[in-house]
Amino acid sequence: MSFPVDVVVMAAGKGTRMKSLRPKVLHRLGGRALAQHVIDTAARLSARSVVVITGHGAERVEASLQAPAGGTELKYVRQEPQLGTGHAVQQAAPALPDDGVTLVLSGDVPLTQPETLQALLDLCAGERLALLTLDMPNPTGYGRIVRAADASVQAIVEHKDASDAQRTITEIYSGIMAVPTRLLKGWLARLDNQNAQSEYYLTDVVKFAVTDGLSVQAHRIADAVQVAGVNSPLQLAELERAYQRRVAEGLMEQGTRLADPARLDVRGELLCGQDVDIDVNCVFEGRVVLGDGVRIGAHCVIANAEIEAGAVIHPFTHIDGEKLGVRVGPGALIGPFARLRPGAKLGPEVHIGNFVEVKNSTLAAGAKANHLAYLGDADVGERVNYGAGSITANYDGANKHRTVIEADVHVGSNCVLVAPVTIGAGGTVGGGSTITKSTPPGALSVARGKQISVADWPRPVKKKP
């Protein structure tokens, strides 16, 4: 491609049918805002810049979107008030250099493929207006593409204005176009609002191009998902499933085994090694990396985590690394019904069982906490066995403190380790103990409060008849 590309993203609309306080383009698809999908697609085309036109909820939209990787510049312009698509692009025109091609996209049309847009740009070739069109079996209500004998576009005719013959046309305009910027600016200056809506329509540039004797070409596709917008919660849900199906197919093409591709949700980035198995109804958020041979059981939620080779995540496990991340070492067994929170770092062959929570803690190779336990702000050595019902009391009401459990320690059931405290290597903590002081290696530690027998409890008082 010998010409620079500047992308204009239409993101000013309110989307009243969404019935939401959130600006329409910020509704999420696959974990990202609709408009963010469009911006990221522009970056994959090596666009020089992306100009986002904002209006409704402008400050929130501009604060929420991120510049794409790869050096594409992100700019914003405001459309206030909103007076039509042509008026919107008029606001962006001063930010568009004359030496490039302007690619106009919609902020609520997130699934257009880069290959499709590249074909449109190639058709434009820096010389002509090119439209992306869709072959729709039932085009009722949509503007029709009227072509000349040489297949060039003569006009876009709205359904209500179309003749009976024109209404048999199944090719419609998608709202996406590529046009040399120097030509676009001249046509934008000629727009008027002499129509029923009193708006400035961008589609009028087709009429101007034909009047000026310039070629208008159309790249026709049949995949409606690529040009589908979002105007209601139902449409958003339909696009979500289409997006997830696309993600699932990509994973399976790389060799990942999915028990049911229709029951997978990736709301971020999921990277899988070889021989990975994922059962049904799993949700992946943020950035998740699954190593070779990893098995993910049904109904797991995993966010911002790295699961190393051979680890097994049993069903109903919740892993959320947030900013600190979570790392599960090779061959580890997690769950079912386990919870790993930010900062959990588990070594090789670690076992975390049902109803065990781990937060901001490191467990060395072979450590085990098999059921009903809490490890927070702890450093756990190799081969430690951590008993059921035991917890680290890491918070004193003002500050967090660390607990150190050295290698080969056995912690009995129903123990409380009050941080800061260190349990020396090879030691044993007796069941039911509350440990407030560090213990030397090899020690047997037993510390209990007053025991209350059944006889000490108040007896029920009999009422007089």
Side-chain angles (χ1 to χ4, degrees), residues 1-13 25 33-55 58 61-62 65-79 82 84-110 112-132 173-191 200-206 208-209 214-219 226-227:
M1 190 166 58
S2 59
F3 47 85
V5 175
D6 299 291
V7 175
V8 170
V9 179
M10 314 276 269
V25 296
L34 297 173
Q36 191 67 56
H37 280 271
V38 180
I39 292 170
D40 294 343
T41 297
R44 293 175 64 184
L45 296 169
S46 300
R48 174 172 58 186
S49 67
V50 176
V51 182
V52 180
I53 304 168
T54 61
V61 172
E62 293 167 11
L65 301 178
Q66 298 179 351
T72 298
E73 183 181 7
L74 181 61
K75 308 175 185 177
Y76 295 98
V77 298
R78 298 278 180 92
Q79 184 195 17
Q82 286 86 57
T85 55
H87 177 256
V89 180
Q90 284 176 340
Q91 313 315 303
L96 302 171
D98 290 345
D99 64 338
V101 166
T102 295
L103 177 63
V104 179
L105 304 176
S106 296
D108 67 338
V109 180
T112 314
Q113 292 299 285
E115 297 80 8
T116 299
L117 296 176
Q118 187 59 61
L120 185 67
L121 291 167
D122 293 343
L123 187 61
C124 169
E127 300 176 356
R128 62 181 70 89
L129 173 59
L131 309 176
L132 183 63
Y173 174 52
S174 69
I176 295 173
M177 66 170 61
V179 54
T181 305
R182 68 185 188 281
L183 299 177
L184 176 63
K185 288 184 176 180
W187 294 330
L188 290 173
R190 293 159 61 180
L191 293 177
Y200 298 87
Y201 293 138
L202 184 60
T203 50
D204 283 349
V205 302
V206 175
F208 298 147
L214 296 174
S215 174
V216 180
Q217 300 293 321
H219 176 57
Q226 290 201 51
V227 295

_Just verifying a value: how many Å separate His219 NE2 and Leu123 CG, rounded to the nearest 0.5 Å?_
8.0 Å
*Is the backbone N or O of Gln36 less than 3.5 Å from a side-chain atom of Gln66, with the two atoms forming a donor-acceptor pair by type?*
no
*asked:* If you count heavy atoms of other groups shown closer than 6.0 angstrom to CZ of Arg44, is the number above 12?
replied: no
*Rounded distance (nearest 0.5 Å) linking atom CG of Leu105 with atom OG1 of Thr41*: 8.0 Å
*Considering all heavy atoms of both residues, which atom of Ser215 and which atom of Gln217 are nearest to each other, and what is their separation?*
OG-NE2, 2.7 Å
*Is any side-chain N of the basic residue among Asp99 and Arg48 closer than 4.0 Å to the acidic one's carboxylate O?*
yes
*Stepwise side-chain contact (heavy atoms from CB on, under 4.5 Å) test for Leu45 and Thr72*: CA-CA 10 Å; Leu45 296 169; Thr72 298; over 6 Å; no
*Could you give me the CA-CA distance, side-chain angles and deciding distance for Val51 and Val77, then say whether side-chain contact (heavy atoms from CB on, under 4.5 Å) is met?*
CA-CA 7 Å; Val51 182; Val77 298; 4.0 Å; yes
*Are the side chain of Gln79 and the backbone N or O of Gln90 linked by a donor-acceptor pair below 3.5 Å?*
no
*Could you pull out the closest heavy-atom pair between Ser49 and Lys75, with the gap in Å?*
CB-CE, 4.2 Å
_Interatomic spacing from CG in Leu129 to CG in Leu214 - rounded to 0.5 Å_ = 9.0 Å
*Arg182 side, atom CZ; Trp187 side, atom CH2 - distance, nearest 0.5 Å*: 9.0 Å
*pair Leu121-Val101: side-chain heavy atoms closer than 4.5 Å*: yes
*Where Val227 and Ser174 come nearest, the two heavy atoms and their spacing*: CG1-CB, 3.6 Å
*Can you tell me how far the CG atom of Leu132 sits from the OG1 atom of Thr116, to the nearest 0.5 Å?*
7.0 Å
*Non-hydrogen atoms of Pro68 and Asp40 that approach each other most closely*: CB-OD1, 4.0 Å
*Test side-chain contact (heavy atoms from CB on, under 4.5 Å) applied to Met10 and Val25, Val52, Val89, Val38, the passing residue*: Val89
*Should Val216 and Leu131 count as side-chain neighbours, where that means a heavy-atom distance under 4.5 Å?*
yes
*Between CD on residue Glu62 and CZ on residue Arg78, distance to nearest 0.5 Å*: 4.0 Å
*Taking all non-hydrogen atoms of both residues, which atom of Cys124 and which atom of Pro180 are closest, and how far apart?*
SG-CD, 3.9 Å
*Mind listing the closest non-hydrogen atom pair of Leu191 and Tyr201 along with its distance?*
CD2-O, 3.3 Å
*Check whether any side-chain heavy atom of Val205 sits under 4.5 Å from a side-chain heavy atom of Leu183, and report yes or no.*
no
*Side-chain heavy-atom pair Leu65, Tyr76 within 4.5 angstrom cut-off*: yes
